[in-house]
Amino acid sequence: MPRVILLAALAIAAPDRAWMFVIDGLRDSEGIAAGTENLPWLVGTMATRGTLVTGLQNRDSTQTDGAHRGALSGRRQPHGGLPWYDGRQLERALTPTVFEVIGRDRDLSLDGGYVDGNTVFMDSQGRSLYPGMARFGAREFPTEEDSTLNDVAMVELAVRRIADFDPTVILLNLHEADKNGHSARWDGYVASVANEDDLVRELAGSVIGDNDLVFVFADHGRHLDDRWPGHTDTCSGCRTSFLLAWGPGVAEGVVVDGGWELEDIAPTVAWLMGAELPHARGRPIAPLLASAPSAPADSASLVDPELVTGPDGTIHRFAVRLRDATSGAGILHDSSDDGGRNWTAGPDLPLGAGITPEELRAVATETGLRVAWRAYDEALGTWTIVSTEGSDAGWATPTVADADVFQTTLASLVDGPDGGVHGWWWSEVIGIADAPADFVHVVDGVSTLVTGPGTFHLPAEVELLSTGDDIVGSFAAIPAEDYFYANDNRDIWVLNEGATHTPQFVRVSDDDDFSYWPDLAQGADGTLHLAWSSRQGANPGEGGWLLAYATSTDGGDTWTAPAYFATDSEAWRPTLLTHADGVSVAWVEVSAGVHRLQVAQVEGGQLGSVTTVAQDEWVIDRLAAVPVDGGFLLGWGQGRATLDHRLATARIAPTGAPLDAVPPDPEPPCGCEG
């Protein structure tokens, strides 16, 4: 029986099932652009019965594992450039997949989802490492034996498995075209595309029901030049994809030409299935929907806040304004001259057409502010690092510090002891999955490539701190000895820039856990404090996220052994708050679907009493903090629904208690004579 739930704000019958077919490695020129030549049934028949999205962009990892994680979670994941060897369990998405949110909303077990394909890359795609999702997701069936099958044999096997437990959300990766492409077998590559078209047609006539939703898309393409057997590049042949959808809630006979990306697939599937995906940064593809959602208000499209105190004491808040069906992305700027109690809107920061910003960083200079961000440039087809200077009075035209940044690079800024604004970010060699860990160092707009020591790979979450004498940075990276055959962990590292800007690297953690989101702070006595989240256990149903903590009294050259803080439930994304009495830590804790923003002081290397600053049944994400009035102004994002992302702040004391005490009610007059 069809499930009747709330769908697109209307009480209509939701699809019984959602099917997703990925034609792996199909370049646009041999796919949609070729018309009915290689996809005769999909283009010739089904395009008129549903919606065809051409020019769908893969803006992240143009390879199978990373592209799927973005498409299935609606958010770019920090696992793009990994080798294909075993050990991908901890490379799962860090935010929920579409399988998990639909399974949670429909109260389904792991049997509610199914992921398969004739490639081992599907073995970690159905479930994330997000707290509280262990009961949901998908069965992941690919095995080494499955990866040797051709498309027909793999689909026959998958159909038998699906019949055993009747999943609701299904993804099948058809990998034969990609394999032929890598082998430079052009005829086999083209023939495989036509065979995959025929396979989807046969399934539509047999196991796909009349009330089922179907999505067919490509995860990436291939090079446009004589390197065509490969991919993992920024060229349009690798970046350009497509999507064809039909079924309940999908508009019929519609062609959408550009303007959407791979990360929009999961929010669209979730929307049509009546589920919310508030963790996503992608948006439901409005032209594809027969009943399209209204564009959210500007105040409901804000994510990833950044706080900084200007040279005059004014607090400035920046945030990414997500794009919608009618307008592009932007960067919000507002300010407060009363410690965050009230905010005055300022002009959005300048962005060119076709620019998508992410990962904001801001720093105060002697005369104003400098803001940097990572931006996808449609014209270049790649990520760039850009920055601008300004204040409430206005902002300069952004300048490009690096125009060839690939995949998951993050920018960070700090005002250095030499008076210059410093930034560090990772630079990957385009097209090389096992690239060396090189950094780009920029001072006041002048960039220098710094070759890493070869001891780690894929550094991410770079955060910088000026200690007064040096610049110290923290990041998460895979140890070199684990990269190829056990790339399922991350450790925490620290760099010391030094006077010559030649960084020295120190490994702080050394274990099998997945360590991420490091945050650095300096205490009043000069001690460096470092906190991060540590995931113990490779599978979503085991282990969990703990807070980890270490200190250094020699400027970051040596660190104490990590201490692990046990909290009531899984905890992540810590932010350190240093003050006159020591250090406090703020973090996000998830329990029974409720997100809590927690704060506690660190006392004797352990957590003191915990204060709940805020709690919400939806998502609390990306913490930021600045000192105010002897305490702190905390800022965070709240994802209340797929199309409802808002900013929140709280003024707190170091203990987490409200900074602004509520005055007592005045005593009533006694009515007696004086």
In chain order, what residues pass the ring pair (Phe, Tyr, Trp, His ring centres under 6.0 Å) check against W517, with sequence neighbours excluded?
->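 Partners of W517 by the ring pair (Phe, Tyr, Trp, His ring centres under 6.0 Å) criterion, ordered by chain and then number, come out as W545, W572.
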Donor-acceptor pair, side chain of [X] and main chain of [Y], under 3.5 angstrom:
| X | Y | value |
| --- | --- | --- |
| S569 | E589 | no |
| W373 | R361 | no |
| S534 | L546 | no |
| E306 | A362 | yes |
| T502 | G498 | no |
| T314 | D337 | no |
| Q77 | L94 | yes |
| S584 | P654 | yes |

Answer yes if the ring centres of Y516 and W532 are under 6.0 angstrom apart, and no otherwise.
-> no
Can the ring centres of F456 and F475 be said to be less than 6.0 Å apart?
-> yes
Will you find, in the side chains of [X] and [Y], an N or O donor that is under 3.5 Å from an N or O acceptor?
| X | Y | answer |
| --- | --- | --- |
| D554 | S552 | yes |
| D513 | S515 | no |
| T467 | D469 | no |
| E461 | S474 | no |
| D511 | S509 | no |

Of R75, R323, R283, the one forming a salt bridge (Lys or Arg N to Asp or Glu O under 4.0 Å) with E261 is R323
Name of the residue among R281, R76, R69 meeting salt bridge (Lys or Arg N to Asp or Glu O under 4.0 Å) with E263 | R76
Could you tell me how the ring of Y130 sits relative to the ring of H595: parallel (under 30°), tilted (30 to 60°) or perpendicular (over 60°)?
->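 Ring orientation of Y130 relative to H595: tilted.
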On the ring face of W343, is R317 found with NZ or CZ under 6.0 Å from the centre and within 45° of the axis?
-> yes
Report yes if the side chains of L520 and V472 come closer than 4.5 Å at any heavy-atom pair, otherwise no.
-> yes
